[in-house]
2 protein chains.
Amino acid sequence: MTAPERNRARRTRPRPTMDDVAAVAGVSRGTVSRVLNGGHNVSGPALDAVRRAIRKTGYVVNQHARSLVTQRSDSVAFILSEPQDRLFEDPNFNILLRGCTQELAEHDITLLLTIAGTHEDRKRVGRYVTAGHVDGALVISSHAGSPLLDDLEARGLPFVACGRPLGRERDVSYVAADDRGGARQMVSYLGSRGRKRIATITGPLDTSGGVDRLAGYRDVLGEVDPRLVVTGDYSHDGGAEAMERLLRQVPDLDAVFVASDLMAVGAIAALHRAGRRVPDDVAVGGFDDSKVASTSVPGLTTIRQPWARLSAEMVRLLLNHLAGDAHAAVILPTELVVRDSA
Amino acid sequence: MTAPERNRARRTRPRPTMDDVAAVAGVSRGTVSRVLNGGHNVSGPALDAVRRAIRKTGYVVNQHARSLVTQRSDSVAFILSEPQDRLFEDPNFNILLRGCTQELAEHDITLLLTIAGTHEDRKRVGRYVTAGHVDGALVISSHAGSPLLDDLEARGLPFVACGRPLGRERDVSYVAADDRGGARQMVSYLGSRGRKRIATITGPLDTSGGVDRLAGYRDVLGEVDPRLVVTGDYSHDGGAEAMERLLRQVPDLDAVFVASDLMAVGAIAALHRAGRRVPDDVAVGGFDDSKVASTSVPGLTTIRQPWARLSAEMVRLLLNHLAGDAHAAVILPTELVVRDSA
DNA sequence: CTGAAAGCGCTTACAG
DNA sequence: CTGAAAGCGCTTACAG
């Protein structure tokens, strides 16, 4: 089917316009518009007549016409610039998404979820988002150097990022959990439990979660034996592989701080296969407090990210942005959650 | 921030319009429009000039203005009318979503994911979708009697459902896996392995997956002891509870057909707790072939839904709909996947 | 192949 | 409080 064909098909069902409701209400189009936009400066009888006419005709505003004059769409994009799988694996995105949707709904703004996992997706989404479809964007993208941010910036589209945008802190608004502080909490806790040989499995070092959590680890332990530090990829299997590497490099380790819960669960599986008991032989601390943390056996001691507050702050910042405020950053505190693994 | 304030803020960054590019290209607005829409009936030099002008000005079409005249938005909604959690738990939605996105991208149509888990969400989404934002919708909604379908229908918005819309088969387009046939495959297989006392855990009976898979079970076994049939809610814990009930009602069962993989995994956990071995004492068959089926221990014997084909067919039907075709239904065959649980 | 003009359906000063 | 009118940024017959 070609575009003209689709066009023709749509034309067959004409929707009532404002003129239609004005006609049945016996008022002018301007009056109809006024009741639609709050009903200020409209007499009681006129208000009633218009409302009745709207119901009778089944009128719904044509958003394109409205947006053309207001220069607003009253919707913002939630851009997921991650491989899609990660989204669906992580219930925290769920919480974030729902939180943002609700916050925005209170301001009569619709949230559109767009997924930009592949390079091609990102180009398409960039085009969509800058074509006036949305007033702003919430972008979730952990890896540094995403060209998407450049696109948005070049277009002057207001947006706020989730997580510290490596190397872009000065010019983009973001809200993030205190990754570094959280890591410090966990590593300090492991030390307070008498652990002497504490290793770490970091996230990818082009993500803020990778570098900041490692920085927090170093804040507590200083310069450590480099064999204690191994980099993972946030995945379950990646965590298991990293753990195996650690066991080879430093067989005498008695604790490990893992930069994500998913990797931590993989690490625990690897420890079991190697005959090490958790936490007796090796204590394991995660990060995120995602769903697996509470369902895995043993329960995972971890750092909780303040998901609900993150979404609230993201929306607040974006609204401020839309109102013309300069960019800003918000760092939210984390919380240690003790379960059985450490 | 009020709407007028947002408005004012947006006005401060004027975007180039078609007139701007026409001016720098030294042609009329009409010519610019023609190159934007395929470049037919435009001379080589004019084409070049316009393209250069577009690059120079950084012009991006104003989609609202375009949609206002074409009466199309070139985007369709993917409406998830489920409690949000389920989406994020089930990797199959992932596949479906990605498949639809790609199919549509080939037709230059953007897919917007909207989540309508709560009643309030559904109303908001209904309004959004019928305000002209999208040309059509793909709706995922398993429960019967969703008012969303009525809204869409009343507005004349073309849409296609995923899964048989109970009681609405005659007036709504849908594509579905052959739930009934798949259930028959599984129950026949259990019988062929020598199982004599085959129970079933159904899905909710206001979903097509609930009734159709039960119907398939009955197709093979006829009228059975009613204690062999128990209804679950598609969740892991619901599956476990249903299994416990079955063990109480019919302790001598030697097989169970469970209407979803997630429930099946819960059922297996309950069997273990009761000291029954799987598949030695009790064979367990699932439905969906979702991720848990291959990662659980033992691996789950199940019925695979044709996710990729489902998305392709949904898009095809929707495009036909947009072109004015009448509604239609497509049923796709399933496949038995044998692992260890049966 | 190209331009001038009408029109898509709204909002919003501007008069009254 | 209300109407007439201009204008948002496009597309598309219509002439030429």
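The sequence lines fix the lettering, A, B, ..., with proteins before strands; numbering per chain opens at 1.
- A donor-acceptor pair under 3.5 Å is formed between the side chain of B:R15 and the backbone N or O of B:V60.
- Whole-Å rounding puts the A:L68 CG to D:dC8 C1' distance at 4 Å.
- Rounded to an integer number of Å, the gap from A:D74 CG to C:dC10 P is 15 Å.
- A distance-only check finds a donor-acceptor pair linking the side chain of A:E169 to the backbone of A:G167 [under 3.5 Å].
- Here the CD-CG distance, from A:Q63 to A:L68, works out to 11.5 Å after rounding to the nearest 0.5 Å.
- At a non-hydrogen distance threshold of 4.0 Å, nothing from residues 17-24 of chain B comes into contact with DNA chain C.
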Intra- and inter-strand pairs of DNA chain D in dot-bracket (Watson-Crick or G-U wobble, both distances under 3.5 Å; | for another strand): |||.||||||||.|||
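- Side-chain N/O atoms of B:Q71 include one lying less than 4.0 angstrom from OP1 or OP2 on C:dG9.
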Chi angles and distances behind the side chain to side chain contact (heavy atoms under 4.5 Å, CB included) call for A:D74, A:T110: CA-CA 6 Å; A:D74 292 320; A:T110 306; over 6 Å; no
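- Paired with A:L96 under the rule side-chain contact (heavy atoms from CB on, under 4.5 Å), one option of A:L80, A:I140, A:T101 passes, and it is A:I140.
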Steps toward salt bridge (Lys or Arg N to Asp or Glu O under 4.0 Å) verdict (B:E153, B:R168): CA-CA 11 Å; B:E153 205 143 65; B:R168 310 289 297 271; 2.7 Å; yes
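- Distances from the side chain of A:T70 to the nucleotides D:dG9, C:dT12, C:dC10 place C:dT12 closest.
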Worked check of salt bridge (Lys or Arg N to Asp or Glu O under 4.0 Å) between B:D19 and B:R29: CA-CA 6 Å; B:D19 285 314; B:R29 198 167 17 141; 3.2 Å; yes
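- Across residues 27-35 of chain A, A:V27, A:S28, A:T31, A:R34 each have a non-hydrogen atom less than 4.0 Å from an atom of DNA chain D (numbered order).
- Pairs of residues two or more places apart, or lying in two chains, never qualify as side-chain hydrogen bond (donor to acceptor under 3.5 Å, both in side chains) while including a residue from residues 38-53 of chain B.
- Only A:N37, listed by number, bring a heavy atom of residues 36-57 of chain A to less than 4.0 angstrom from any atom of DNA chain C.
- In this model, a donor atom of one side chain and an acceptor atom of the other lie less than 3.5 Å apart for B:S173 and B:H321.
- Note on ring orientation: taking the six-membered ring where Trp is involved, the planes of A:H64 and B:H64 are tilted (angle from 30° to 60°).
- Applying the side-chain contact (heavy atoms from CB on, under 4.5 Å) test to A:D20 and every residue at least two apart in sequence or in another chain returns A:P16, A:T17.
- The backbone N or O of B:L166 sits nowhere less than 3.5 Å from a side-chain atom of B:S208 that would complete a donor-acceptor pair.
- Taking atom NE2 of residue B:H64 and atom C1' of nucleotide C:dC10, one finds them 13 Å apart after rounding to whole Å.
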